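Take a look at this one; I'll ask things after.
Side chains are part of it too, since the values below use all heavy atoms of this structure and drop only hydrogens, waters and symmetry mates. Reminder, nothing fancy here: chain letters follow the sequence lines and each chain counts from 1. Treat the numbers as computed from the prediction; the structure is a model and nothing was measured.
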Amino acid sequence: MSHMPCGVYHERYAQDHALWRSRFVRVKMLLLAVFVYLLFPLWADTYYLGVANMVGYTVLGALGVQLLIGYCGQVTLGHAAFLAVGAYTSTLLVLQVPWPNFMLRAGLAYPVSIIAAAFAAGLWSLLFGLPSARVKGFYLILTTMAAQFITVDFVITQYVSQIGGRGQAFSLPPGTIKIGVWTIDNDRRVYFLMAFLVTCLTFALVNLLRSKVGRAWIAIRDNDIAAETMGINVVRYKLLAFFVAGFMGGIAGAFWISNLAAVSPEHFPWSWSLWLVGVILIGGVGSIHGVFFGSLFMVVVMELLTLAVMSLAGVYPELLMKLNFVKESAFGLAICGFLLFEPNGIAYRWWQMKNYFNLWPFSY
Amino acid sequence: MTTPHTTIEDEVILSLQKVSLDFGRVRALVNVSLQVRRGTIHSIIGPNGAGKTVMLNCISGLYRPQEGTILLDGRPINHLKPYERARLGIARTFQKIELFKGMTVLDNIRLGRHMHLHSGVLSGAFYLGKTAREEIEHRAFIEEEIIELLEIAHIRNRVVGMLPYGLQKRVELGRALALQPRIILLDEPLAGLNLEEVEDMARFILDINEEERWRITCVLVEHDMGVVMDLSDRVFALNFGVPIMEGTPAEVQNSPAVIEAYLGQEDRYATRR
Ligand SMILES: Nc1ncnc2c1ncn2[C@@H]1O[C@H](COP(=O)(O)OP(=O)(O)O)[C@@H](O)[C@H]1O
Ligand SMILES: [Mg+2]
């Protein structure tokens, strides 16, 4: 059997394996980075930064949900629990640990707490992923819901919130959230932290999905029996998916406390777990683009709704009282609409449009 | 044969000893014993519902027989899970194609490399050094050894679910080959293929069995008698879960017991050539 010279082949495969294969895509990504890290924060005022932070927080949470549902086929309806574990771990570490002075001065407490929060939430998620070894589908959904209620309504509300005798909410005094020399005390700084974390986690997930671990997840999603006969320890990889999803959720939760004056269980209701699932349904299941499109869509639509309700408040004052109700109805309607008319989500439309323009002017 | 392999090829690689399995009142396998020698193509034939697929499922670990022992290289593997058996060198294809339909051809075959890859979560997340290097090495293996052999270069980036049936069968074989198994279980690899595809597939089976590069022992479940008789070293006949005979293709073909088992179904199992 004859072989081609290795070097030649390797170069070609390396090119084929590159994340961004064409110069066009690389330029596009560069422009995106310039926009996200430079133009937008220069231009945006507090309001727009706040909206962007909300989008980023949604992305951070939804990445884990996408990993579980979209890539590993494990439906979860309790992801807010892991955001909560992250937020509380980080908060408690920052507030309760007697950090040595040099660490406080160097602004290390919060970064360390983010990492600890990620591991805590990852392990907690792994624990609630254990039933996935035995049950699938409907029953697994119920056990993930149990994660929500056990974690937030029981453990955090009843016990964790009592630590330090502060009552329901942990308030975060100004200046406690500090990374290096930067105190995260305004929307612009929160924005940069968000942008950095979103970039890191997105790269990590995209890379995982194109290597051994991610392929095993997708194989389990598509056909778990075949996956097992191909040498995949299915239980192990499902648990790994729960761990990584929880890990990302922990980072999301720990990030979000930088945007809050006080942390309380109400920040992590069950409806937020549903919301995250809605985000990937609307954006597109099994697509990283979908996470971004879904988060943008949901947050922006909700903001527009709020603005609309505000402007109508003069005419119909009772509408203002029902803002939450209006939002939840809109959320439900959006999901129904997408499931009926665009079941593959926004990402699929985007992909179609891209193909259309790639083929242009020969498109038909 | 006069090759030095003769002694090795006489070795039994896989053996079933008095294996029985019931599904409630259905006796799917009754006291089935089978010895598969290294390097051979060993066919299992029998009418529909005879228990051939159940037999393969027992070997690959998807079903646990209630009685009997399954040995690989003389060691019992009854207690092992399917993925552990895959790691010992047992690969398979399925009667009803079981590909990862949302993945591309290349990714399906890459998935078959799973146990030969070593990058974990951390190095995968960064996709630096080890992972990137490993992916390229295995890509080269897949391209040069599998895609070339099975002549599927033109569809390597297509999503599997959209491919015609015959090509899906081929990709499934490719995915099993990616494990670099020592023994491969083929469940009706020719079913539903047209004449030309049957010939291609039969050639691939011979290739992976005979080529020095592969030398894979094949356990072949197949209805196409013409191909079975051409390819097989040994044939094992099963009816209602009960072994009826085993021997060379010629012996089995002329056995009255086998002919009787197939009585009334001749046309369905006749060769298509
Ligand atoms: N999971 C199962 N549960 C119950 N019965 C089964 C199962 N799998 C196979 N059987 C039964 O076992 C018998 C053998 O089936 P099978 O091995 O699929 O036949 P074939 O020889 O055509 O491949 C059939 O009667 C079938 O109905
Ligand atoms: Mg069968």
Between the OG1 atom in B:Thr131 and the NZ atom in A:Lys212, the distance rounded to the nearest 0.5 Å is 10.0 Å
Counting only heavy atoms not in A:Phe119, do more than 12 sit closer than 6.0 Å to its CZ atom? no
Smallest heavy-atom separation, A:Asp222 atom then B:Gly102 atom, equals OD2-N, 2.9 Å
Looking at A:Arg349, I want to see if its CZ is surrounded by more than 12 non-hydrogen atoms of other residues, nucleotides or ligands under 6.0 Å. no
A quick test of your reading: do over 12 heavy atoms of other residues, nucleotides or ligands sit less than 6.0 Å from CZ of B:Arg158? no
Counting heavy-atom pairs closer than 4.5 Å to chain A, which one of B:Arg113, B:Arg133, B:Met103, B:Met115 comes out on top? B:Met103
Check B:Gly124 against A:Ser211 and note the closest heavy-atom contact, atom names and distance. CA-OG, 3.6 Å
Part of B:Ser119 lying under 4.5 Å from any heavy atom of chain A: both
Could you name the residues of residues 234-249 of chain A that have a heavy atom within less than 4.5 Å of a heavy atom in chain B? A:Tyr237, A:Leu240, A:Val244
Could you check whether any side-chain heavy atom of B:Glu98 comes within less than 4.5 Å of a side-chain heavy atom of A:Ile225, counting everything from C-beta outward? no
I'd like to know which of A:Gly286, A:Ala227, A:Gly214 tops the heavy-atom pair count under 4.5 Å against chain B. A:Ala227
When rounded to the nearest 0.5 angstrom, what distance separates CG in B:Leu122 from CG in A:Asn207? 11.5 Å
Would you name the heavy atoms of A:His17 and B:Arg139 that are closest together and state the gap between them? NE2-NH1, 3.1 Å
Is A:Trp350 atom CH2 crowded by more than 12 heavy atoms from other residues, nucleotides or ligands, each under 6.0 Å away? no
Contact part of B:Arg92 toward chain A, heavy-atom cut-off under 4.5 Å: side chain, backbone, both or neither? both
Counting neighbours of OH on A:Tyr37 that are heavy atoms of other residues, nucleotides or ligands and sit closer than 6.0 Å, is the number greater than 12? yes
Do the side chains of B:His114 and A:Arg215 get nearer than 4.5 Å, heavy atoms only? no
Do A:Ile232 and B:Leu111 have side chains that get closer than 4.5 Å, going by heavy atoms? yes
Compare all side-chain heavy atoms of A:Asn223 with those of B:Leu99 and state whether any distance is below 4.5 angstrom. no
When you look at CZ of A:Phe196, are more than 12 heavy atoms from neighbouring residues, nucleotides or ligands closer to it than 6.0 Å? no
Contact class of B:Leu179 relative to chain A, heavy atoms under 4.5 angstrom: side chain
Which answer fits B:Arg175, side chain, backbone, both or neither, if we ask what part of it has an atom under 4.5 Å from a heavy atom of chain A? both
Identify which part of B:Arg110 has an atom lying under 4.5 Å from any heavy atom of chain A, answering side chain, backbone, both or neither. both
Answer yes or no: are there more than 12 heavy-atom neighbours, outside A:Lys136 itself, under 6.0 Å from its atom NZ? no
Do you know which two heavy atoms are closest between B:Lys81 and A:Glu228, and how far apart they sit? CB-OE2, 4.0 Å
Enter the distance from B:Glu84:CD to A:Asn233:CG here, rounded to the nearest 0.5 Å. 7.5 Å
Do B:Tyr127 and A:Leu19 touch side chain to side chain, with heavy atoms closer than 4.5 Å? no
